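Every value quoted in this text rests on a predicted model; they were computed, and no experiment measured them. Residue numbers count from 1 along this sequence. Both counts, for ligands and for their atoms, begin at 1 and track the order of listing.
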Amino acid sequence: MDMTSIKSYDPVIYDAIKHEEKRQREGIELIPSENYVSVAVLEALGSVLTNKYSEGYPGKRYYGGCENIDVVESQAIERVKQLFGCDHANVQPLSGAPANIAVYFGILEPGDTILGMDLSHGGHLTHGHPVTHMAKIFNFVRYHTNAAGEIDLNDLEAMAMQHKPKLILVGYSAYSRDIDYINIKKIADKVGAMTMADVAHIAGLIAAGEMNNPVPYFDIITSTTHKTLRGPRGGLILCKQPFAKKIDKSVFPGFQGGPHENNIAAKAIAFKEALEPAYKDYARQIKANAKIFEEEFNKLGYRLMFGGTDNHLLLIDVTTHGITGKEAQIALDKAGITCNMNMIPNDPRPPLDPSGIRIGTPAMTTRGLKEPEMRQIVAWMNAAMKNHGNDQKLAEIKSEVTEMALKFPVPGAKA
Ligand code: DSN
């Protein structure tokens with residue numbers, strides 16, 4: 001058996017990878033939580049660091065042979081601290097959900113109240129949705145956006161006064177506006193609550209100075225590393241010094257075992273990339289491209305939730321055009337454009353066939369698309385949604401989509 005390459009050893013997995021490379025190269029990726037990592041990040045992920053156990057933290061491990069691992073993890077920590085200007089960083093969380101769970105257990109007791117945003121208004125499952133295990137352990141109370149699509153701070157304050165949460169939680173997965181950390185911190189102080197921002201979606205925009213940074217105001221920040229931050233799949237926690245010990249103990253040994261050091265090396269590389277001046281241009285272009293989406297969908301009469309976008313994403317009610325979110329997602333898939341169906345605030349439709357779609361620009365901006373291509377994508381999307389039952393028309397759109405997509409390579413995806 002030749003185990004030196006996937007191709008010779010495991011053709012099933014090899015073919016699946018090749019087909020996925022082709023899908024990525026030929027398609028337009030608009031899922032706002034996805035991105036394309038650099039070849040350097042891919043290289044670190046596929047390195048021998050995956051062989052090593054290193055429970056503990058740099059300089060304090062439970063295993064021998066960790067001298068190289070310590071270099072890797074220390075670099076990741078120092079770089080992410082520099083990127084966000086924070087006191088303390090833990091780069092071991094395996095992803096965003098484990099990072100959030102580690103924070104809840106690190107600073108709260110079972111039964112404590114957490115005030116977080118409702119999923120259908122742009123929040124996240126791990127912010128207390130009833131289907132999650134965490135909702136059985138902590139008492140989540142959920143706030144909503146108002147009719148104008150804003151987080152009403154008077155409403156938030158009234159809820160905080162009524163429920164006296166131990167933790168106020170901000171940071172969203174489908175919300176397209178910036179967050180007023182300063183005034184939310186003031187509300188938290190009035191009721192003696194701690195503050196946590198889950199910036200998974202917008203971490204890259206914050207790092208580049210394109211969105212408000214919660215670090216100076218909030219106690220704890222969590223994030224994934226694979227969205228706008230453009231690193232490997234993974235998570236991180238940043239916090240103020242007084243929380244550092246509790247957070248580290250909660251991640252390990254409280255919740256996780258051995259850290260995935262190949263992944264942490266890839267995070268370190270992504271943080272280095274995000275510290276480069278070119279990354280600031282990238283973040284600016286993400287927002288500029290999203291504004292084109294806003295402009296073009298507005299012209300076409302679609303209903304944009306929250307009134308538009310200040311970040312990388314848009315949540316669009318497509319029922320105005322006689323189509324459901326699920327129908328739109330399927331039609332767009334057939335046209336080579338990937339996005340996800342999504343609930344809109346107060347959605348009368350069910351989660352598996354909601355009223356909206358969620359689209360974003362981080363991935364295609366990485367591939368170098370700018371304003372003219374964004375306008376063209378909206379034209380294709382509109383045509384696909386209008387012709388959602390017409391497979392021949394969708395196939396025609398797909399061939400145009402593929403022709404354009406192939407002009408903008410995916411890092412590391414070979415022909
Ligand atoms: N699943 C991610 C997203 O798509 O936003 C959030 O965890």
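- Between Phe138 and Phe105, the distance separating the two ring centers is shorter than 6.0 angstrom.
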Only distances under 3.5 Å count here; give the side-chain donor-acceptor pairs of residues 80-89 to other protein atoms, sequence neighbours excluded, each with its distance to 0.1 Å.
from	atom 1	to	atom 2	distance (Å)
Asp87	OD2	Gln241	N	3.0
His88	NE2	Asp248	OD1	3.0
His88	NE2	Asp248	OD2	3.0

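- The list of salt bridge (charged side-chain N to carboxylate O under 4.0 Å, His left out) pairs with a residue in residues 186-201, not counting sequence neighbours, reads Glu157-Lys190, Lys185-Asp189.
- Among Arg23, Lys18, Lys22, the single residue meeting the salt bridge (charged side-chain N to carboxylate O under 4.0 Å, His left out) criterion with Glu20 is Arg23.
- The shortest side-chain heavy-atom distance between Ile221 and Cys239 does not fall under the 4.5 Å cut-off.
- Applying the side-chain contact (heavy atoms from CB on, under 4.5 Å) test to Glu295 and every residue at least two apart in sequence or in another chain returns Ile292, Lys299, Arg375.
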Table of N or O contacts for ligand 1, cutoff 3.5 Å:
from	atom 1	to	atom 2	distance (Å)
ligand 1	4 (O)	Ser33	OG	2.7
ligand 1	4 (O)	Arg358	NH2	2.7
ligand 1	5 (O)	His201	NE2	2.7
ligand 1	5 (O)	Arg358	NH1	2.9
ligand 1	5 (O)	Arg358	NH2	3.4
ligand 1	7 (O)	His124	NE2	2.7

